[in-house]
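As a basis for the values below, the full set of heavy atoms in this structure was taken, side chains included, without hydrogen atoms, waters or symmetry mates.
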Amino acid sequence: MQSLFRILPFALGLVLGATVARAGNPPSDPAALLEARGKNQAERLAWWDEARFGLMVSYGVPSVPAGVWRNQRIPGEPADLMAAAGILRDEYRAYAQMLTAAEYDPGEWVGLAAQAGVRYAVLTAKASDGFALFDSPATNCDAVDAAACHRDLLRPFLAACRRNGLRTGIACSHAIDWMHPGGAMPAGIARWDPTQSGDFESYLKTIARPQVKSLLQDYGSIDLWSWGRGTTIDRAQAESFLALLAAQPAIVTDQWIGGGLPGDIEVVESDRLPPGRPGVRQEWRIPMNGFWGYSNWQHEWKPGGQLVCHLVEAASQGANLVLGVGLDARGSLPREAVVRLKDIGRWMSVNAESIHGTSASPLAPVPWGRCTVRSGPKSTTFYLHVLTWPSDRRLVLTGLEAEVIDARLLADPGARLKVTPLPRGLSLRVPAFPVDDAVTTIALRVKPGWKTTAPYCAATGDGHILLPAEAAELSGAGPVLAGSDLPVLAWWDNASVSVSWSFLVEEPGDYRVVARYASPQGSKFSIEKEGSEPLYMDSPGTGDWGRIVPFEVGTFRFDKPGFHRLRLIPAPDGWNPLNLRSVELEPVAAKGKKDG
């Protein structure tokens, strides 16, 4: 759940970092600096491309109230409590005096993260509430001067990362600041405390720029810098911050500096990672809990297996996953987070080679899972992450022509899987049950010279042919893939857009056509294939958008084996949007045996 007020989650933690060797004196002119950073971007981001997995940590004043104000539970992001509850500056300062950090031990949880396969970590040195975890040169609103702990909390974090071999990251809200007069407010949010008023340019000159300068110059080599969202910053103001990066020429930055200036990576904060785009490095940030900051009453912890699936999803698109977590008031990592990091660590102890240093899948989406790739001079390994285990023990990979060296289960490397060539694809014989509780991964090694081909859907062992939403080809802009576990084609408002699938029929005969979808009002459409009369459907409503119902549309006959294409076409009159999960072709003989 994301708060309306969360601009820079108090854990904002894009966490990458790179200790790339520095060469010469970098330019200070903004245009020249941008040009220089563009030229060495591939070198600077080499570690980020290899990492794939990071952690961002939220700690500070919001950890004390932990989502409660005046004995009332305030819904939403705990890190944004000051704005959500309209707490006055003087009242908010009192919480800092209760920030003891008595159990703040970065070495403990950074070490745990490293064991889980995390390669970089970030701490929010200053969040939207304006409270700094470091010894700020521009204000006493920091952990050294205003908190009960009276110590710099950033230095031990950075030291722990370096001891454990993790790249270091700092997140700092440079524009949004609710504590210092003149600091910017989130879009659409008015100041709630008259003492927040002030001149924004003066705030940047006396507070924000000195703080950023100190962090970049006084804390050693920093690998990643994450800006607070600079939506209120103009070009000239953004360039004044860009110039400060000259102190860290190897640093990686996100896109939130403001003023239209680019970053190295694009941060995504949503429940679903959008499809990757050429030339864009995506950082997918999601909290382990439903929130970035610590809450003592809101508990929406994602299961460890789900977090592993998110890691696989990110790597399969060439993106990095960064998990967010908030420490409690005493500086401890919540027990639930410890359990989940250990869950991920157990999986990574077996499967890390399928994540770290891999590239995005060159194959079309597969209905049973995800794929990552590692290329070498003598072979290429396709890591097949199986999320839906085939009940017939037949895992079909289409759209790939390759000479196979071997196939093995990472969780049982001594066992070799039988691989059978298919037209434009491969079939793997897998065990009856998955060998990993989270995600079972198969390493498929092939010789050089492999190539991708047009993908298609293939039959399962009992002859059923599944045509899922994620494998559909669209005739134009319209429906989009939504949902994670069982994706659907949603927001299908454009009746001029049809969808189609290519598939292989191995056994000729009659096949029932079953469409699975949700449509509150019902809808009219046809399903067509070459050489046959179209099948028409006028379906009743399913009640709501989430209730997927199977509807038998009719029967098609296939006289001989081979490739075919099926197309679902909205009716010109009577079409209503629907959430399409799949179309299935079911052998009539198989259905008859089942019925009998």
Undergrad: Is any NZ, NE, NH1 or NH2 atom of the basic residue among Glu552 and Arg512 found under 4.0 Å from an Asp or Glu carboxylate oxygen of the other?
TA: yes

Undergrad: Set out, in order, the CA-CA distance, both residues' side-chain angles and the distance that settles side-chain contact (heavy atoms from CB on, under 4.5 Å) for Glu401 and Arg424, then state yes or no.
TA: CA-CA 6 Å; Glu401 291 184 355; Arg424 302 194 336 243; 3.7 Å; yes

Undergrad: Using a strict cut-off of less than 4.0 Å between a Lys/Arg side-chain nitrogen and an Asp/Glu carboxylate oxygen, indicate whether Arg374 and Glu353 qualify as a salt bridge.
TA: no

Undergrad: Are Ile286 and Glu269 side-chain neighbours, meaning at least one heavy-atom pair lies under 4.5 Å?
TA: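 Answer no - side chains too far apart.
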
Undergrad: Gln317: what forms a side chain to side chain donor-acceptor pair (under 3.5 Å) with it, not counting sequence neighbours?
TA: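 Side chain to side chain donor-acceptor pair (under 3.5 Å) list for Gln317, sorted by chain: Glu313.
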
Undergrad: Ignoring hydrogens and angles, tell me if any N or O in the side chain of Arg52 forms a donor-acceptor pair with the backbone of Asp49 under 3.5 Å.
TA: yes

Undergrad: Is the centre of the Phe53 ring less than 6.0 Å from the centre of the His356 ring?
TA: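 Ring centroids of Phe53 and His356 are no less than 6.0 Å from each other.
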
Undergrad: Where do Arg557 and Asp559 land on the salt bridge (charged side-chain N to carboxylate O under 4.0 Å, His left out) test, with the steps shown first?
TA: CA-CA 6 Å; Arg557 181 169 184 80; Asp559 294 321; 3.1 Å; yes

Undergrad: Only one of Glu530, Glu473, Glu528 forms a side chain to side chain donor-acceptor pair (under 3.5 Å) with Arg565, so which one is it?
TA: Glu473

Undergrad: Tell me whether Thr372 contacts the main-chain N or O of Thr358 through its side chain, where contact means a donor paired with an acceptor under 3.5 Å.
TA: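 No; judged by distance alone, with no hydrogens or angles, the pair does not exist.
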
Undergrad: CG/Asn289 to NE2/His299 distance, rounded to the nearest 0.5 angstrom?
TA: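 It comes to 7.5 Å.
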
Undergrad: Is there a donor-acceptor pair closer than 3.5 Å between any side-chain N or O of Tyr456 and the backbone N or O of Pro423?
TA: yes

Undergrad: Which heavy atom of Ala490 sits nearest a heavy atom of Ala482, and at what distance?
TA: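 Reported closest heavy-atom pair: CB-CB, 4.1 Å.
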
Undergrad: Please report the interatomic distance CZ(Arg340) to CG(Leu112), rounded to the nearest 0.5 Å.
TA: 13.0 Å

Undergrad: Determine whether Leu397 and Leu400 make a side-chain contact, defined as any pair of heavy atoms from C-beta on separated by less than 4.5 Å.
TA: yes

Undergrad: Do the side chains of Asp264 and Arg44 get close enough for a salt bridge, i.e. N-O under 4.0 angstrom?
TA: yes

Undergrad: So, Trp450 and Thr380: side-chain donor and acceptor under 3.5 Å apart, yes or no?
TA: yes

Undergrad: Is it the case that atom CH2 in Trp297 sees more than 12 heavy atoms from other parts of the structure closer than 6.0 Å?
TA: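 Atom CH2 in Trp297 is crowded, with more than 12 foreign heavy atoms closer than 6.0 Å.
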
Undergrad: Asn351 side chain to Ser354 main-chain N or O, any donor-acceptor pair under 3.5 Å?
TA: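 Answer holds: no.
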
Undergrad: Does Phe503 have its ring centroid less than 6.0 Å away from the ring centroid of Phe563?
TA: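 For Phe503 and Phe563, the ring centres are not under 6.0 Å apart.
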
Undergrad: Is Lys302 reaching over with its side chain to a backbone N or O of Pro287, donor-acceptor style, under 3.5 angstrom?
TA: yes

Undergrad: Where is the tightest heavy-atom contact between Thr440 and Val435, given as atom of each residue plus distance?
TA: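 That closest heavy-atom pairing would be OG1-N, 3.2 Å.
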
Undergrad: Starting at CG of Leu417, measure out to CG of Leu444 and round the result to the nearest 0.5 Å.
TA: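 Between atom CG of Leu417 and atom CG of Leu444 there are 9.0 Å.
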
Undergrad: Is it true that atom CG of Asp412 has more than 12 heavy atoms of other residues, nucleotides or ligands lying nearer than 6.0 Å?
TA: yes

Undergrad: Would Ile442 and Arg408 satisfy side-chain contact (heavy atoms from CB on, under 4.5 Å), going step by step from the backbone distance to the final call?
TA: CA-CA 6 Å; Ile442 299 168; Arg408 59 186 172 88; over 6 Å; no

Undergrad: Keeping the roles fixed (side chain from Ser519, backbone from Pro577), state whether a donor-acceptor pair exists under 3.5 Å.
TA: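 Indeed, once roles are kept as given, a pair shorter than 3.5 Å links the two residues.
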
Undergrad: Do the side chain of Ser498 and the main chain of Ile569 share a donor and acceptor less than 3.5 angstrom apart?
TA: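 Side chain of Ser498 to backbone of Ile569: no pair is present.
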
Undergrad: Measure the shortest side-chain to side-chain distance between Met288 and Leu341 over non-hydrogen atoms and say whether it is less than 4.5 angstrom.
TA: yes

Undergrad: Are Val338 and Trp109 packed together at the side-chain level, in the sense that at least one heavy-atom pair is separated by less than 4.5 angstrom?
TA: no

Undergrad: Ignoring hydrogens, what is the shortest heavy-atom contact between Trp575 and Phe525? Give both atom names and the distance.
TA: CZ3-CB, 4.0 Å

Undergrad: Do Glu506 and Arg394 pass the salt bridge (charged side-chain N to carboxylate O under 4.0 Å, His left out) test, and can you show the C-alpha distance, the side-chain angles, and the key distance before you say yes or no?
TA: CA-CA 14 Å; Glu506 298 177 70; Arg394 184 175 188 246; 3.2 Å; yes

Undergrad: Could you measure the distance from the CG atom of Leu333 to the CG atom of Asp328? Nearest 0.5 Å is fine.
TA: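 The CG atom of Asp328 is 8.5 Å from CG of Leu333, to the nearest 0.5 Å.
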
Undergrad: Mind checking what makes side chain to side chain donor-acceptor pair (under 3.5 Å) contact with Glu266, not counting sequence neighbours?
TA: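 Checked Glu266 against side chain to side chain donor-acceptor pair (under 3.5 Å); matches are Arg277.
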
Undergrad: Would you confirm whether Ser582, through its side chain, and Leu467, through its main-chain N or O, come within 3.5 Å as a donor-acceptor pair?
TA: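 Such a contact is absent between Ser582 side chain and Leu467 backbone.
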
Undergrad: State the CG-CG distance between Asn579 and Leu489, to the nearest 0.5 angstrom.
TA: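 Rounded to the nearest 0.5 Å, the CG-CG separation comes to 9.0 Å.
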
Undergrad: In Å, rounded to the nearest 0.5 Å, how long is the span from OH of Tyr511 to NE2 of His464?
TA: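 Answer rounded to 0.5 Å: 10.0 Å.
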
Undergrad: Measure the shortest side-chain to side-chain distance between Trp492 and Pro570 over non-hydrogen atoms and say whether it is less than 4.5 angstrom.
TA: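 Yes, their side chains come closer than 4.5 Å.
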
Undergrad: Over all heavy atoms of both residues, which pair between Ala459 and Val396 is shortest? Give the atoms and the distance, please.
TA: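 Result for this residue pair: O-CG2, 4.3 Å.
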
Undergrad: I'd like to know if Glu470 pairs up with Arg581 as an ion pair, taking the criterion as any Lys NZ or Arg NE/NH1/NH2 lying under 4.0 Å from an Asp or Glu carboxylate oxygen.
TA: yes

Undergrad: When you compare the side chain of Arg162 with that of Thr168, does any pair of heavy atoms fall below 4.5 Å?
TA: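 A side-chain contact under 4.5 Å exists here.
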
Undergrad: To check you understand the geometry: which heavy-atom pair defines the closest contact between Leu566 and Ile527, and what is its length?
TA: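 Distance-wise, the nearest heavy atoms are CG-CG2, 3.7 Å.
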
Undergrad: Which is it for Cys309 and Val439 under the side-chain contact (heavy atoms from CB on, under 4.5 Å) test, yes or no, and what are the steps along the way?
TA: CA-CA 7 Å; Cys309 290; Val439 177; 3.8 Å; yes

Undergrad: Strictly below 4.0 Å, N to O, side chains only: are Asp254 and Arg285 in salt-bridge contact?
TA: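 Counted as a salt bridge, because a side-chain N and a carboxylate O are separated by less than 4.0 Å.
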
Undergrad: Could you check whether any side-chain heavy atom of Trp284 comes within less than 4.5 Å of a side-chain heavy atom of Leu273, counting everything from C-beta outward?
TA: yes

Undergrad: Does any N or O in the side chain of Asn164 come within less than 3.5 Å of the main-chain N or O of Leu166, such that one atom is a donor and the other an acceptor?
TA: no

Undergrad: Are Thr555 and Asp510 close enough that a side-chain donor and a side-chain acceptor fall under 3.5 Å?
TA: no

Undergrad: Going by salt bridge (charged side-chain N to carboxylate O under 4.0 Å, His left out), Asp406 matches just one of Arg445, Lys447, Lys418. Which one?
TA: Arg445

Undergrad: For side-chain contact (heavy atoms from CB on, under 4.5 Å), just list the numbers for Thr460 and Leu466, CA-CA rounded to whole Å, side-chain angles, deciding distance to a tenth of an Å, and then say yes or no.
TA: CA-CA 8 Å; Thr460 59; Leu466 174 67; 5.9 Å; no

Undergrad: Under 4.5 Å between any side-chain heavy atoms of Asp436 and Val386, yes or no?
TA: no

Undergrad: Looking only at side-chain N and O atoms, does His385 offer a donor or acceptor that is under 3.5 Å from a partner on Ser316?
TA: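 Not at all, the side chains of Ser316 and His385 share no donor-acceptor pair under 3.5 Å.
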
Undergrad: Tell me the closest heavy-atom pair linking Val499 and Ala472, and the distance in Å.
TA: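 That would be CB-CB, 4.2 Å.
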
